[in-house]
There are 2 protein chains.
Amino acid sequence: MNIGEASNASGVSAKMIRYYEEIGLIRPMGRTGNNYRVYGEEEVHILRFIKRARNLGFSLEETETLLKLWQDKSRESAAVKEVATAHIGDLERRIAEMQGMLKTLKHLANCCGGDNRPNCPILDDLAGDGAADVPIPAGRKKTRQDA
Amino acid sequence: MNIGEASNASGVSAKMIRYYEEIGLIRPMGRTGNNYRVYGEEEVHILRFIKRARNLGFSLEETETLLKLWQDKSRESAAVKEVATAHIGDLERRIAEMQGMLKTLKHLANCCGGDNRPNCPILDDLAGDGAADVPIPAGRKKTRQDA
DNA sequence: TGTGGAGCTTCCCATCATGGGAAGGTCAAG
DNA sequence: CTTGACCTTCCCATGATGGGAAGCTCCACA
């Protein structure tokens, strides 16, 4: 199987497959005489695992951890759960942060006429003319997944 | 006022103030004889405006639009509301996406023993051994704010 | 007057995950 | 034998921010 077929079978772009190899997330693939990478079912399975982890918002670093745990048949499920739980916490924090923004924005948008007059409470708020509500920076971990 | 004082007064780091100048978000500042940038109250006000827009999750590009609208005394509030509404929609999409991940993850974590045994439904799911629930990529706009 | 430290300047690099695209080799079908 | 679809490597861009080096200026204190 060439990289294109592996890409189709896994849903991971060829570009990303090469990148994952480069950063050591997956092992360097064997090559044919023409220097093409060769993939088998097992590699495709691994790529699909990665794809799904990414879809759940895990960073590549977390994905690597999960991948190793997956391949370690003597793992303790507690280790997996810990990674998942940490990620859940991170997601919750980020969601809460965005919901805070959303609440403020909806309120402001609601107060804004949205007509042809210049008067606008949204801008007034941004300009700090009203009460300054200090927002929480809410330090996010490096998620590596926002693009 | 030097850049450090402007930074303190606005909450925007000196590094970012220079960057905003570089990308044209703010006008190049006047310099003293020693080549130091000089800031006045108006500039600090602008920086605070930017800071607040960023805190509400607006991208630098959106912030630039809002800044121009703010400075255009003959703007129509509809234009401002449009930017805000688009951003609200974006936030809602992203929140929904993360809530989807969260829901799946919580379910999986809940099913995982989290003990010293290797059996783990989280890994099983990632490996695709169970039913494959296809997630929505939910293409996000370039937000420029995720770091 | 000298000196040390704080603050300013520019410049380059790193992040995180991904895509774009160029330049060139390879293969298969027509 | 040509054409087009692959593959390869290499470099660059994204968005917003921080780190840090090298070199300048300025102020306070001894």
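Naming convention: chains lettered A, B, ... in sequence-line order (proteins, then strands); numbering from 1 in each chain. Just so it is clear, the structure is predicted and the values come from calculations on it, not from any experiment. Keep in mind that the numbers below use all heavy atoms, side chains included, and drop hydrogens, waters and symmetry copies.
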Decide yes or no for B/Lys51 and B/Leu47: does some side-chain heavy atom of the first lie under 4.5 Å from some side-chain heavy atom of the second? no
Given D/dT25, is OP1 or OP2 found less than 4.0 Å from the side-chain N or O atoms of B/Arg37? no
Atom CE of B/Met1 and atom C1' of C/dG7: how far apart are they, to the nearest Å? 16 Å
So A/Arg18, base contact, sugar-phosphate only, or nothing? Heavy-atom distance under 4.0 Å. base
When the side chains of residues 11-22 of chain A are checked against the rest of the protein, which donor-acceptor pairs come out under 3.5 Å, sequence neighbours left out?
residue: A/Ser13; atom: OG; partner: A/Met16; partner atom: N; Å: 3.1
residue: A/Glu21; atom: OE1; partner: A/Arg37; partner atom: NE; Å: 2.9

Using the side-chain heavy atoms of B/Arg31, tell me which of these nucleotides is nearest: C/dT10, D/dC7, D/dG18. C/dT10
Separation of D/dT8 atom C1' from A/Tyr39 atom OH, nearest Å, is 11 Å
B/Asn34 or A/Asn35: which one's nearest nucleotide on DNA chain D is closer to the 5' end? A/Asn35
Expected rows: protein N/O vs nucleotides 22-25 of chain C N/O, under 3.5 Å:
residue: C/dG25; atom: N2; partner: A/Tyr36; partner atom: OH; Å: 3.0

Restricting to side-chain contact (heavy atoms from CB on, under 4.5 Å), what partner residues turn up for A/Thr32, sequence neighbours left out? A/Asn34, A/Tyr36, A/Val38
Can you tell me how far C1' of C/dT26 sits from CD1 of A/Ile3, to the nearest Å? 15 Å
Between C/dG19, D/dT17, D/dC7, spot the one nearest the side chain of A/Asn2, thanks. D/dC7
Among all residues two or more places apart in sequence or in another chain, which pass the side-chain contact (heavy atoms from CB on, under 4.5 Å) test with B/Glu76? A/Asn116
Are the charged groups of A/Lys106 and B/Glu92 less than 4.0 angstrom apart, N to O? yes
Pairs in or reaching into residues 38-47 of chain A: which pass salt bridge (charged side-chain N to carboxylate O under 4.0 Å, His left out), with residues at least two apart or in two chains? none
Whole angstrom value for the distance that separates P of D/dC10 from CD of A/Glu21: 12 Å
OP1 or OP2 of C/dT18 versus the side-chain N and O atoms of A/Ser13: is any pair under 4.0 Å? no
Would you mind telling me which residue lines up with the more 5' stretch of DNA chain C, A/Tyr19 or A/Gly33, judged by nearest nucleotide? A/Tyr19
For B/Arg54 and D/dG18, what is the distance between atoms CZ and P respectively, to the nearest whole Å? 10 Å
Residues at least two apart in sequence or cross-chain that pass salt bridge (charged side-chain N to carboxylate O under 4.0 Å, His left out) with B/Asp72, listed by chain then number, are none
Euclidean distance, atom CD1 of residue B/Ile17 to atom P of D/dG18 [Å, nearest integer]: 11 Å
